[in-house]
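When a ligand or atom number is given, it counts from 1 through the structure's own listing order.
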Amino acid sequence: MTQQTTQIPVSSIILDEAIYPRKGIDHRRVAIFAENIRDGIAFDPIEVEPCPDKPGFYRLLDGAHRWSAYKSTGVEEVKVIIKDLDGNDPLLYAAEKAIGPKQLTEEEAKDTARRAYAGNTCLRSADIGKAIGRSRQAVDAYIADLRAVNQMGRDIKIFCMHRLGIPQDRIAKRLGLDQKTIHYHLGKMPILANSLNADLSRGFTVAQVAQKHGWPDPMVWSLALEGKTDHDRFKALGWGFCTWDKWEWNDCDNRFGDDWPGRIPAQMIAHILRYFSKPDDLILDPMAGGGVTSDACLAMGRRCWAFDMKDRPDTRPEIEPFTWDVSSAQSRLWPVSAKEKPDLILFDPPYFDKKAADYDKKSISGLSKKAYLDFLEAFFILLKQNVKKKTRLAFINADWRDFQNTPAIEEKHKGGILIDDYLDILKRTGWYHTHIIQAPLSSQRFSPVVVSAMQKKGILGVISRYVIVLDQNN
Ligand SMILES: C[S@@+](CC[C@H](N)C(=O)[O-])C[C@H]1O[C@@H](n2cnc3c(N)ncnc32)[C@H](O)[C@@H]1O
């Protein structure tokens with residue numbers, strides 16, 4: 001921890017309640033200090049740190065009563081120590097300072113302990129206790145319920161990742177735990193699942209059980225449908241099964257996947273899984289976005305390794321962070337060194353030029369047309385080099401034409417990227433299609449005003465989207 005003593009305006013100091021351990025200021029104490037100031041008695045400098053979200057301001061770490069007294073006596077500048085806490089918890093630091101002159105009340109100690117733990121669940125009871133002037137056991141009692149919820153959250157994460165077939169070393173790395181801890185938690189899983197299974201067998205719905213136990217819906221579905229056939233899973237989930245090669249849905253099933261730019265319906269993933277994979281197969285989703293593939297895999301009893309450049313460790317620990325960069329031979333990295341290879345790759349990249357503003361700057365959606373196609377070519381080669389001979393690829397993409405600006409009669413050959421462009425690249429890189437399934441986007445996303453303008457100008461819109469399924473046999 002470093003510090004620097006200097007003179008700053010009293011008006012640049014604030015009392016931030018988030019890091020203040022007491023219930024309020026003791027006005028009698030302030031009045032005595034004000035009296036002392038008027039009598040010319042000098043105080044120790046108060047301690048502050050720069051405000052994280054208010055440049056030019058400082059928040060109090062120690063000396064709230066002295067600061068209030070300075071304000072009430074009209075002092076304009078005071079001597080302060082500006083602290084750099086080097087990542088130490090400011091609330092606990094402030095508490096440790098506060099208990100010097102006067103212990104915290106029971107209510108203040110409990111509240112401070114809970115706030116500190118909620119802000120950082122890695123804090124140890126003994127360290128919190130030392131700061132607030134209480135024993136480790138007292139802190140354990142203050143935070144017991146918070147710790148139980150956190151433990152449950154961690155258990156669910158471990159259970160989910162394990163169920164998706166993510167190896168223990170990767171679960172440990174992702175959750176910042178050691179492998180022994182993961183192993184210990186996995187041992188508790190059957191007991192954890194028992195109480196949910198009991199509620200399911202009593203006739204509670206999946207949604208009710210999920211809500212009661214605080215589990216995500218897809219995890220409860222994975223328990224509820226254990227041992228069922230794909231056919232029965234579809235029935236239980238209320239998904240009709242498309243017999244022909246045209247799959248159409250107006251809406252995404254909101255029980256699976258997050259609201260995400262370019263989200264695809266879980267029903268589409270489930271159809272791909274049902275037609276082109278077997279129970280317990282390993283599915284790879286290299287650009288997993290809102291997590292619809294991993295959720296659908298839980299419901300369909302498949303394992304899934306998912307990656308995305310967007311890291312969301314709290315809500316989507318099963319999507320491991322990874323940015324595919326195929327711009328040079330050296331950076332053609334594969335995210336994991338596991339021996340096991342996927343049975344099916346489910347690849348739903350950002351479509352060319354679409355939603356570029358919604359994704360990260362490094363996303364491939366912002367590339368030029370040539371760079372986008374070059375990326376796909378290099379990526380398909382990379383996939384081939386890292387999977388089994390028998391691995392299939394399901395590539396989801398849409399036709400792209402500049403239809404918003406151009407009447408159909410003025411459009412030129414090769415003015416866009418159409419399905420044959422993808423098929424050419426795929427063939428060149430050793431992927432041969434066995435099926436082309438039409439899975440059009442809903443035309444309902446166009447407003448009546450836009451449709452009417454398109455009709456007037458002779459513009460032919462695009463809703464074509466395809467699931468191209470490929471293997472590696474020529
Ligand atoms: C169309 S979205 C996937 C949507 C997903 N199937 C769903 O329904 O939620 C494409 C994803 O690719 C990711 N992405 C784009 N470029 C990437 C790159 N170079 N490496 C890793 N992820 C990338 C984006 O962050 C985005 O989440």
Indicate yes or no: does R392 engage D343 in a salt bridge with an N to O separation below 4.0 Å.
no

Is it the case that atom CZ in R428 sees more than 12 heavy atoms from other parts of the structure closer than 6.0 Å?
yes

So if I count the atoms of ligand 1 from 1 in the order they appear, which ones are less than 4.0 Å from some heavy atom of G289?
9 (O), 27 (O)

Looking only at protein heavy atoms, identify the closest one to atom 19 (N) of ligand 1 and say how far it is in Å.
W324 O, 3.0 Å

Has K390 got more than 12 heavy atoms of other residues, nucleotides or ligands less than 6.0 Å from its NZ?
no

Taking the six-membered ring for Trp and the full ring for Phe, Tyr or His, determine whether the centres of W431 and F395 are under 6.0 Å apart.
no

Does G257 come within less than 4.0 Å of ligand 1, judged by its heavy atoms?
no

Atoms of ligand 1 less than 4.0 Å from P349 heavy atoms?
1 (C)

Let me confirm one number: the CD1-OG distance from I463 to S443, rounded to the nearest 0.5 Å.
5.0 Å

Identify the closest protein heavy atom to atom 8 (O) of ligand 1: which residue and atom is it, and at what distance?
I264 N, 2.8 Å

Exercise: identify the closest heavy-atom pair between A95 and T112:
CB-CG2, 4.1 Å

Number the atoms of ligand 1 from 1 as they appear, then name those within less than 4.0 Å of a heavy atom of T323, with their elements.
19 (N), 20 (N), 21 (C)

What protein heavy atom sits nearest atom 4 (C) of ligand 1, and how far away is it?
D348 OD2, 3.4 Å

Looking only at protein heavy atoms, which one is nearest to atom 1 (C) of ligand 1, and what is the separation?
Y359 OH, 3.3 Å

Looking at non-hydrogen atoms alone, which of K310, R263, M287 comes nearest to atom 3 (C) of ligand 1?
M287

Can you confirm, on distance only, whether ligand 1 has an N/O atom lying under 3.5 Å from any N/O atom belonging to G290?
yes

Within ligand 1, which atoms have a heavy atom of V292 less than 4.0 Å away?
7 (C), 8 (O)

Could you establish whether C252 and ligand 1 come within less than 4.0 Å of each other, counting only heavy atoms on the residue side?
no

Checking a contact table here: which protein heavy atom is nearest atom 16 (N) of ligand 1, and how many Å away?
I364 N, 3.2 Å

Compute the shortest N/O to N/O distance between M309 and ligand 1 and return yes if it is under 3.5 Å, no if not.
yes

Would one find more than 12 heavy atoms of other residues, nucleotides or ligands at under 6.0 Å from atom NZ of K173?
no

Do R274's NZ or CZ and the ring of W239 fall within the cation-pi criteria of under 6.0 Å and 45°?
no

Find all atoms of ligand 1 within a distance of less than 4.0 Å from any non-hydrogen atom belonging to G262, and give their numbers and elements.
1 (C), 4 (C)

Counting neighbours of CD on E17 that are heavy atoms of other residues, nucleotides or ligands and sit closer than 6.0 Å, is the number greater than 12?
no

Aromatic centroids of H435 and Y275 separated by under 6.0 Å:
no

Using a strict 4.0 Å cut-off to heavy atoms of S363, name the atoms of ligand 1 that fall inside it.
15 (C), 16 (N)

With a 6.0 Å cut-off on ring centres, are Y142 and Y117 close enough?
no

Report yes if D285 has an N/O atom closer than 3.5 Å to an N/O atom of ligand 1; otherwise report no.
no

Which residue and heavy atom of the protein sit nearest atom 13 (C) of ligand 1, plus the separation
D308 OD2, 3.4 Å

Atom indices of ligand 1, in the order listed, that fall short of 4.0 Å to a heavy atom of F322
20 (N), 21 (C)

Around atom CD of Q211, are there more than 12 heavy atoms from other residues, nucleotides or ligands closer than 6.0 Å?
no

